[in-house]
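In what follows, a structure is listed as structure tokens, so that the remarks can point back to it.
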Amino acid sequence: MDTIRITLPDGSTQQVPRGSTAAEIARRISPRLAEEALVARVSPALGSADGEELVDLRRPLEQDSRLAILTEKDPPALEIFRHSAAHLLAAAVLELFPDVKLGVGPPIEYGFFYEFLRDQRFTPEDLERIEAKMRELAAQNIPNERKLLPKAEALELYRKWGQGFKCELVEEKANEPMVSFYTTGKFIDFCRGPHIPSTGRIRAFKLMNVAGAYWKGEEGNPQMQRIYGACFFTQAELDDYLHRLEEARRRDHRRLGPELDLFSIQEEAGPGLIFWHPKGGLVRKLMEDWLREELLRRGYQLVFTPHIMRLDLWKTSGHTNFYRENMFGPMEVEKADYQLKPMNCPGHILIYKSRLRSYRELPIRLAELGTVYRYERSGVLHGLLRVRGFTQDDAHIFCMPEQIESEIEACVDFAFALLRTFGFDRYEVELSARDPAHPESYAGTAEDWARAEGALVNTLERMKIPFKKMEGEAVFYGPKIDVKLVDAIGRPWQLTTVQFDFNLPLRFGLEYVGEDGGRHQPLMVHRALWGSIERFFGVLIEHYTGAFPVWLAPVQAEVLPVSEKFTDYARKVTDKLIAAGLRAHLDDRNEKVQAKIRDAQLQKVPYMLVVGGKEAQAGTVSVRHRSKGDFGPKPFDEFLADLRREVDARVTT
RNA sequence: GCCGAGGUAGCUCAGCUGGUAGAGCAGACGAUUCGUAAUCGUCAGGUCGCCGGUUCAAUCCCGGCCCUCGGCUCCA
């Protein structure tokens, strides 16, 4: 008999008839495995993992292969599982709304979505009905079957059915004569697969919301209704995900900001513009103090530049060509156009150009907490994280080519020091290169770009920092290194950026006199570590759930007299703390201690000092910590010294 | 900018498809003088996002605009 040889992950082999399926092999191994199997991973018997692919359990195996049968224990199976859930969603929607036009339905990070075009909108009640229908179809355990059709026949099928988007997909994606389809009951979908064998296993899911999305993500295209669902192997994992969403809501800086009186956004003033209240302003001041000191220590010089400058400057820099859609419109003053600055670089360049520079001065590192204004489309604004006016901790480094790698290294090192100081210990690094397919979106020659990208790669490799290369993510004037920090609940945030620029020095004709007495062109590095103070502050609020570490807390100790009789002693304690440079506040309201504690607790004040008769007598304070609870009485001087130490050490917990 | 959902007191939210609004918390005042997450009482507080229309009458219906939220696209 014609047999093939199957090698399993444990190294054992089986001889099976040619055309056997993974499902059959699973059954031979164990009934349990057959039951749990979701999808198969096969690769040619010999050779590398290159030919590896995921296939349906029912796909016949035609040659000697290595085979792994994937179950819920194998993470790669989750994507397939979610993709099948997307098909289940589409099948349910078609049952209830047979006239919808289908778009695409891929798995996503936490589940899946499917897009539909329909005249009426899907209401929350519709979603409930759809979810119920999905559960009904899942209970019927309908098989997901793969079919092959000639391309022409496939197009004909969709044309008759009136599924124009699907025709478009078949036209574009099918480059072989036969194209694959999957059916789930009456639902038939052009799809590469693979899928799990049947719908019965899909239980732990929940339809989340419906949102508009352009067909193929392109703005000119019709807008589909995209139904999103969360989906996991088990209910426990789904619950965990929903719990994490809840946790994220609890930390939301847009809620905590006003609650803790840190900042506000005022409709009267306009969207995307931030008002820093006294407490937020104090945190910002502390952040800035740390940064300025660190900048000076690391050889930067602090500068200040105007907020509006002649439009011509922005023509020279190339912003009017490459950045116009993010700029506020120019304003006319005495017949000249002026531009509100969207970036700080031209200002720093003018300072560089203000006199002839010698190679002996380089590198010149100009730093500014520079406030910039960018026109962001209304739909993208988001609390402190995406705004129209913000302050960058910006700096531009002018240097010679042979200094570039050490400068970039110093920037990355600075960035890591900053992350540690503010309590972040996880990060991801990305290197953004240009998109070779669209050279018109970038300034400079291909050689410049290759050299610049090389310098960034060298630096990261020398520092042994793992990174992901992202093609097409570069800014118009050069490639960049971005550092994403990962917060307390595992979310990445893009903040730090270190950008290489060989373009602006050329445009502005920057030069320095070299050792040889000749004129040379310097290179430029743009870098921002927080990125924007507003954004970083937002991330900080969420990272700490508003409970800032003591060195950053707007109020470090709230003094709570037990009754009005002890206000005098409480005031003395408060004044002494303030005189020692600490941030204390006296709660002398006519309230019970319980109420004062509750309020201080809700304001996330690190230390509450309860004082009454005993304390006044002994010169102590009863210390309560916002998360560690009651510490009991402590001599006042001792508390002050402890607090001082904690602040000076910038303890981040 | 686009699609969808919203906007009622400082905050969180009620308000039965039309008869100009209510609660809790916060605030002011008074009482209470209190020991580790809310003391009691009284009072005050609203062009129901803005503008226009329909109607005897609009928080409610219609149109436009502003803002917020969830996405798309874009980004520090």
Side-chain angles (χ1 to χ4, degrees), chain A residues 108 113 115 117-118 120-124 208-228 249 252 254-255 258-259 261 264-272 323 325-326 342-344 370 372 374-394 473 475 480 482 484 493-497 499 526-536 538-539 560-567 590-603 608-615 622-626 629-633:
Chain A
I108 53 172
F113 69 75
E115 295 175 342
L117 189 72
R118 177 173 175 245
Q120 296 88 341
R121 17 195 149 85
F122 290 112
T123 63
M208 303 300 285
N209 58 332
V210 41
Y214 301 110
W215 169 237
K216 289 187 192 153
E218 278 167 37
E219 236 173 295
N221 284 345
Q223 194 135 24
M224 322 278 292
Q225 295 189 70
R226 193 179 273 188
I227 299 179
Y228 284 86
R249 261 193 289 277
D252 195 327
R254 292 168 301 180
R255 189 174 67 78
E259 238 170 66
D261 202 13
S264 64
I265 298 169
Q266 314 260 354
E267 189 176 335
E268 279 174 275
Y323 208 71
E325 52 179 51
N326 279 300
M343 291 192 191
N344 299 303
V372 296
R374 298 184 183 174
Y375 169 67
E376 297 286 354
R377 306 203 289 176
S378 59
V380 308
L381 300 173
H382 183 96
L384 292 174
L385 303 180
R386 192 75 183 273
V387 297
R388 286 184 175 160
F390 59 99
T391 301
Q392 294 180 303
D393 62 319
D394 208 355
E473 299 290 314
V475 277
K480 59 175 180 168
D482 288 332
K484 294 185 172 182
W493 300 93
Q494 213 263 277
L495 299 158
T496 299
T497 180
Q499 307 178 344
H526 306 236
R527 45 107 290 182
L529 306 182
W530 288 326
S532 120
I533 301 187
E534 284 76 4
R535 177 177 286 185
F536 187 78
V539 171
L560 316 176
V562 162
S563 85
E564 279 174 9
K565 283 190 269 180
F566 310 108
T567 307
N590 181 5
E591 286 291 348
K592 302 175 76 165
V593 226
Q594 286 98 316
K596 294 182 188 181
I597 285 171
R598 180 182 150 83
D599 290 340
Q601 196 74 46
L602 290 174
Q603 284 297 304
M608 285 153 269
L609 306 179
V610 178
V611 295
K614 287 173 282 182
E615 288 79 8
S622 281
V623 180
R624 179 191 163 100
H625 186 266
R626 67 183 165 201
D630 191 357
F631 283 1

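Residue numbers start from 1 in every chain, and the chains themselves are labelled A, B, ... in the order their sequence lines are given, proteins ahead of strands.
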* Asked: Between B:C69 and B:A57, how far is it from one C1' atom to the other, in whole Å?
  -> 34 Å
* Using the C1' atom as the reference point in each nucleotide, state the distance between B:G52 and B:G15 in Å, no decimals. => 26 Å
* Asked: Rounded to whole angstroms, how far apart are CG on A:Leu609 and C1' on B:G35?
  -> 14 Å
* Check for a donor-acceptor pair, side chain of A:Arg374 on one end and backbone N or O of A:Val387 on the other, with a separation under 3.5 Å. => no
* Check: A:Leu529 main-chain N/O paired with A:Asp393 side-chain donor or acceptor under 3.5 Å -> yes
* Structure fact -> All heavy atoms of A:Thr497 vs all of A:Gln494, minimum pair found to be CB-NE2, 4.4 Å
* Asked: Donor-acceptor pair, A:Lys596 side chain versus A:Pro561 backbone, under 3.5 Å?
  -> yes
* Asked: With distance as the sole test, does A:Gln225 use its side chain to make a donor-acceptor pair with the main-chain N or O of A:Phe122 at under 3.5 Å?
  -> yes
* Could you tell me whether the side chain of A:Ser532 and the main chain of A:Glu534 form a donor-acceptor pair under 3.5 Å? => yes
* Determine the interatomic distance between P on B:A28 and the same-named atom on B:G45; round to the nearest Å. => 16 Å
* Asked: Between B:G7 and B:C50, how far is it from one C1' atom to the other, in whole Å?
  -> 11 Å
* Asked: Counting any heavy atom closer than 4.0 Å, what does A:Gly629 reach on the DNA or RNA strands: base, sugar-phosphate only, or nothing?
  -> nothing
* Counting N and O atoms only, with roles assigned by atom type, does the side chain of A:Asp394 sit under 3.5 Å from a partner on the main chain of A:Ala528, one being a donor and the other an acceptor? -> no
* Does the A:Arg535 side chain pair with the main chain of A:Leu385, one donor and one acceptor, at a distance under 3.5 Å? -> yes
* Asked: Just the dot-bracket of RNA chain B, please: which string comes out with Watson-Crick or G-U pairs under 3.5 Å, [ ] for crossing, | for another strand?
  -> (((((((..((((.....[..)))).(((((.......))))).....(((((..]....))))))))))))....
* Between B:C2 (C1') and A:Trp215 (CH2): distance, integer Å -> 17 Å
* Given the C1' atoms of B:U8 and B:U68, what is the spacing between them in whole Å? -> 15 Å
* Structure fact -> Residues pairing under salt bridge (charged side-chain N to carboxylate O under 4.0 Å, His left out) where one sits in residues 379-392 of chain A, two or more places apart or in two chains, turn out to be A:Glu376-A:Arg386
* Please report the shortest heavy-atom distance between A:Asp630 and A:Val623, naming the atom on each side. => OD1-O, 3.4 Å
* **Check ion pair A:Asp482-A:Lys480 (N to O, under 4.0 angstrom)** => yes
* Structure fact -> 5' to 3', nucleotides 6-11 of chain B under a 4.0 Å protein heavy-atom cut-off (B base, S sugar-phosphate only, - none) gives -B----
* Please work out whether the ring planes of A:His625 and A:Phe631 are parallel, tilted or perpendicular, with thresholds of 30° and 60°. => parallel
Between the protein and nucleotides 37-41 of chain B, list the N/O to N/O atom pairs that are separated by less than 3.5 angstrom.
{"residue": "B:A37", "atom": "N7", "partner": "A:Arg624", "partner atom": "NH2", "Å": "3.4"}
{"residue": "B:A38", "atom": "N9", "partner": "A:Arg598", "partner atom": "NE", "Å": "3.4"}
{"residue": "B:A38", "atom": "N7", "partner": "A:Arg598", "partner atom": "NE", "Å": "3.3"}
{"residue": "B:A38", "atom": "N7", "partner": "A:Arg598", "partner atom": "NH1", "Å": "3.0"}
{"residue": "B:A38", "atom": "N7", "partner": "A:Arg598", "partner atom": "NH2", "Å": "3.4"}
{"residue": "B:A38", "atom": "N6", "partner": "A:Arg598", "partner atom": "NH2", "Å": "2.5"}
{"residue": "B:A38", "atom": "N1", "partner": "A:Arg598", "partner atom": "NH2", "Å": "3.1"}
{"residue": "B:U39", "atom": "OP1", "partner": "A:Glu591", "partner atom": "OE1", "Å": "3.3"}

* Not counting sequence neighbours, which residues clear side-chain hydrogen bond (donor to acceptor under 3.5 Å, both in side chains) with A:Glu564? List them please. => none
* Asked: If the P atom of B:G6 is compared with that of B:C60, how far apart are they to the nearest Å?
  -> 15 Å
* Take atom P in B:G1 and the same atom in B:U54, then report the distance between them in whole Å. => 30 Å
* Which is true for A:Lys596 with a 4.0 Å heavy-atom rule: it touches a base, it touches only sugar-phosphate, or it touches nothing? -> nothing
* Going 5' to 3' along nucleotides 70-76 of chain B, which nucleotides have protein heavy atoms under 4.0 Å from the base (write B), which only from the sugar-phosphate (write S), and which from neither (write -)? -> BBBBBBB
* Identify which one of A:Met608, A:Arg626, A:Lys592 satisfies the side-chain contact (heavy atoms from CB on, under 4.5 Å) criterion when paired with A:Ile597. => A:Met608
* Nearest whole angstrom, please: distance from the P of B:C66 to the CD1 of A:Ile265. => 18 Å
* Rounding to the closest angstrom, what is the interatomic distance between B:G18 and B:C56 at atom C1'? -> 12 Å
